[in-house]
Amino acid sequence: MQLWLPHALPGVSAEVPVGGLDVGISGARDIAVTHVADGVWVIDAPGATGAQWRVPCVSTTAFWTPDSGPRWVPPIWSGPKTSRLAAGAPVASLVGTGDTNVCTAALDGSAGLSRFSGGLIEETGEFVFTIDHEGPALRLRLDLSAGPFSAALAGVAAWWGEGRELPQTPRAARLPAYSTWYSMHQEVSEESVELQSRLSKELGCETIIVDDGWQTADRARGYAFCGDWEPNLAAFPDISAHVKRVQGIGQAYMLWYAIPFVGKENAAFERFAGKFLRYLDHMDAGVLDPRHPDVREFLIDRLSQAVEKWDMDGLKIDFVEQFATPGGDPAPGEGTDCEEVDEGVRRLLHELDTRLRRTRPEVLIEHRQPYTHPGLWPYANMVRATDCPLSPQENRQRTVDLRLTAGPVAVHSDMILWHPSEPAEQVAVHLINALFSVPQISVDLTAQTSEQLAAIGFWLGIFRQHLETLQLGVLEPAQPEHGYPLVRAYDGQTMVIARYGPLPVEVPASGWREFLVANAAPDSRVVLLGAEPESLQATVHDCGGRLLSAATLRLEAEANLVTVPTGGLLKLHRRTEEE
């Protein structure tokens, strides 16, 4: 029987047996297979242009990729997922029943352009992985171990970090932040920023991120007035003094740059005529070609003045993925010093990072989905979920997806926004959906009710109090095919469960002293499944932190019903002998 494989590899030069699979390699000169751990192999194939293999599609439930797209098992004709330095990450995972790993595949962090395809063959019920690769060497990690898929992805992130000297992520990168984008859009000024800075600091935000609008008096959105990167003096007459005042409040200050764009209303637009990758009509801006040394020098000078001249604590570097031209990069023009756009991007970010750290060694740098490639880890210590305004479920999926392969980089939620009349318990739901990331708040804090402010303050306090567990502990999300309706994090002392649907919560017999259940589901009936009978100290708080009950709970080795209101928190505590 002839099978229809739209992504079949041309010129397969070898088939390599790996863990019971036959991996076809195309164009390789020499192939080496190394067994690195139980169920994990690394294939080194210099000169290879691709790889393909089949996995029996037995008890499979999801196909995980880092772009936070649909998770159902796709058919064979589905389009590939592209990864390059400026956009994407080279990893994919086939997930089985009970969130187990079936097959997780990744290319190393130095990989060039690659395309991951995955799909079901109808004739055989097999799942085909196909990788097309452009680069000097193909280095493929295959994980066929039977543990959680999240552990397999954590293994990929650890592999990407092996042997690399990466800057330490500052603690400030992991603390709650306030962003001006959804709350103000372009209507920013020294006065409005300082007001929100004072109010957000009182609630627990340690950084303020000033977005678009600081550089232009135009308020029509778009990017026609991006590119010269000088303050709008009507709104920021003395930006250095303004930054000092915000820092005096006790917050770090970060400033937004749409780094690839030069709008048609900027002097730089004429200056760099002929040095654009393309022009975007819908944005009224051109995309600079970073392969030109003078383009890189200009951007580095413009961005560096924020830290060197205005004493900013960091930069929000936006739209890096726009350097990746759809359909392929244009040929390098006269005066370029490298062939590939990705290499120009790498040089730009490396040179910028080197210069910024001379002034501020712990400079804060934010990147965003989809530019999440491990090759960018040296140049960012924060990565944010891409824009999903007023969609807490999408914010949850995106932040959890990012956490699974972010390595040392602090994962931030998209800016959290809600309608002014949102009930306080739903404000808490928005925050709980970002529980395993760094929350960025973006609402007008002067317009919040006392109940809404109480919910913000209470949950930002939980983020801060349990930072080590939530951000640095073991992360185990459940049911990726359903958008993670339950997520668990633990570090040996504390275990935190977030419940987004009416699911029971398992309480393990060991591995914790404090057990927290954040209830973002509309059902207040929380079922605890005990592992063995024991007595625990139990407290329940509402969405604003008000204590509703405190009692000894006799947890039985069966279903136990506890009432936790929507947006509320259950805490279980095991007493020690000293207590």
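Values below: all heavy atoms of this structure, side chains included; hydrogens, waters and symmetry mates excluded. Computed from a predicted model, the values in this text were never measured in an experiment.
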- Item | Worked check of side chain to side chain contact (heavy atoms under 4.5 Å, CB included) between M254 and E366 | CA-CA 9 Å; M254 296 177 65; E366 180 191 285; 4.0 Å; yes
- Apply side chain to side chain contact (heavy atoms under 4.5 Å, CB included) to V55 and V102, showing your working. CA-CA 8 Å; V55 179; V102 175; 3.7 Å; yes
- Item | Full working for side chain to side chain contact (heavy atoms under 4.5 Å, CB included) between L280 and F261 | CA-CA 9 Å; L280 302 175; F261 297 153; 3.8 Å; yes
- Item | Stepwise side chain to side chain contact (heavy atoms under 4.5 Å, CB included) test for Y371 and L376 | CA-CA 8 Å; Y371 43 103; L376 298 179; 3.9 Å; yes
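L120 places none of its side-chain heavy atoms less than 4.5 Å from the side chain of P74. Using a 4.5 Å heavy-atom cutoff, the side chains of V438 and F463 are not in contact. You'll find the side chain of V320 reaches within 4.5 Å of the side chain of I259, heavy atoms only. Residues Y379 and I365 form no side-chain contact, since every pair of their non-hydrogen atoms from C-beta on lies 4.5 Å or further apart. Using a 4.5 Å heavy-atom threshold, the side chains of R499 and V505 count as touching. Counting heavy atoms from C-beta on, the side chains of L21 and R54 never come closer than 4.5 Å. Under the 4.5 Å side-chain criterion, counting only non-hydrogen atoms from C-beta, V95 is not in contact with T60. Looking at heavy atoms from C-beta onward, R171 lies out of side-chain contact with E362 at the 4.5 angstrom threshold.
Taken to the nearest 0.5 Å, the CG atom of D414 stands 7.0 Å off from the OG1 atom of T386. Going from atom CD1 of I25 over to atom CD1 of I43 covers 5.0 Å, rounded to the nearest 0.5 Å. Taken from CD in E321 to OG1 in T372, the straight-line distance is 10.5 Å, to the nearest 0.5 Å. Between the SG atom in C57 and the CG atom in L94 there is a gap of 5.5 Å [rounded to 0.5 Å]. Atom-to-atom distance recorded for L402:CG and S68:OG is 6.0 Å, nearest 0.5 angstrom.
Listed for the T169 side chain is a donor-acceptor partner under 3.5 Å among the backbone atoms of P408. The main-chain N or O of R174 is found under 3.5 Å from a side-chain atom of Q471 such that the two form a donor-acceptor pair. In this structure, the side chain of S59 does not engage the main chain of T97 through any donor-acceptor pair within 3.5 Å. With H35 contributing its side chain and A37 its backbone, the two residues share a donor-acceptor pair below 3.5 Å. In terms of modelled atom types and a separation under 3.5 Å, the side chain of H373 and the main chain of G375 share a donor-acceptor contact. Proximity of a side-chain donor or acceptor of H133 to a complementary backbone N or O of A137 within less than 3.5 Å is detected. Listed for the T124 side chain is a donor-acceptor partner under 3.5 Å among the backbone atoms of E126. For the pair R403 (side chain) and F436 (backbone), a donor-acceptor distance under 3.5 Å is present.
Side-chain contact, Q52 with T130: a donor N or O sits under 3.5 Å from an acceptor N or O. Between the side chains of D491 and W512, not a single donor N or O lies within less than 3.5 Å of an accepting N or O. For the residue pair T104 and S93, a side-chain donor N or O sits within less than 3.5 Å of a side-chain acceptor on the partner. A donor-acceptor contact closer than 3.5 angstrom is absent between the side chains of W160 and D108. Side-chain contact check for R398 and Q369: at least one donor-acceptor pair (N or O, by modelled atom type) lies under 3.5 Å. R84 and S114 share no side-chain donor-acceptor pair at under 3.5 Å. For the residue pair Q393/Y500, the side-chain donor-acceptor check at 3.5 Å is not satisfied.
Between E340 and R346, no side-chain nitrogen of the basic residue sits less than 4.0 Å from a carboxylate oxygen of the acidic one, so the salt-bridge criterion is not met. Salt-bridge annotation for D99 and R488: absent, with no side-chain N of the basic residue lying under 4.0 Å from a carboxylate O of the acidic one. Ion pairing between a basic and an acidic side chain is recognised when a charged N comes within 4.0 Å of a carboxylate O; D289 and R296 show no such pairing. Taking the charged nitrogens against the carboxylate oxygens, R360 and D313 do have a contact shorter than 4.0 Å, which makes a salt bridge. Taking 4.0 Å as the cut-off between side-chain N and carboxylate O, R347 and D337 count as a salt-bridged pair. For R291 and D329, the salt-bridge test fails: no basic side-chain N is under 4.0 Å from an acidic carboxylate O. Under 4.0 Å is where a charged nitrogen must lie from a carboxylate oxygen, and between R357 and D353 at least one such pair does.
The one candidate from V16, D44, V42 that meets the side chain to side chain contact (heavy atoms under 4.5 Å, CB included) condition with V33 is V16. The only member of L85, L348, D342 that meets side chain to side chain contact (heavy atoms under 4.5 Å, CB included) when paired with F323 is L348.
Remark: R396 is not positioned above the aromatic ring of Y484, lacking an NZ or CZ atom under 6.0 angstrom from the ring centre and at most 45 degrees off the axis.
Environment of CD in E15: crowded, with over 12 heavy atoms of neighbouring residues, nucleotides or ligands closer than 6.0 Å.
For Y257 and F319, the ring centers sit 6.0 Å or farther from each other.
The minimum heavy-atom distance between L140 and W159, with the atom names listed, is C-CH2, 4.5 Å. Residues L364 and N381 come closest through the heavy atom pair CA-OD1, 3.6 Å.
Classification of the W53-F129 ring pair by plane angle, with boundaries at 30° and 60°, yields parallel.
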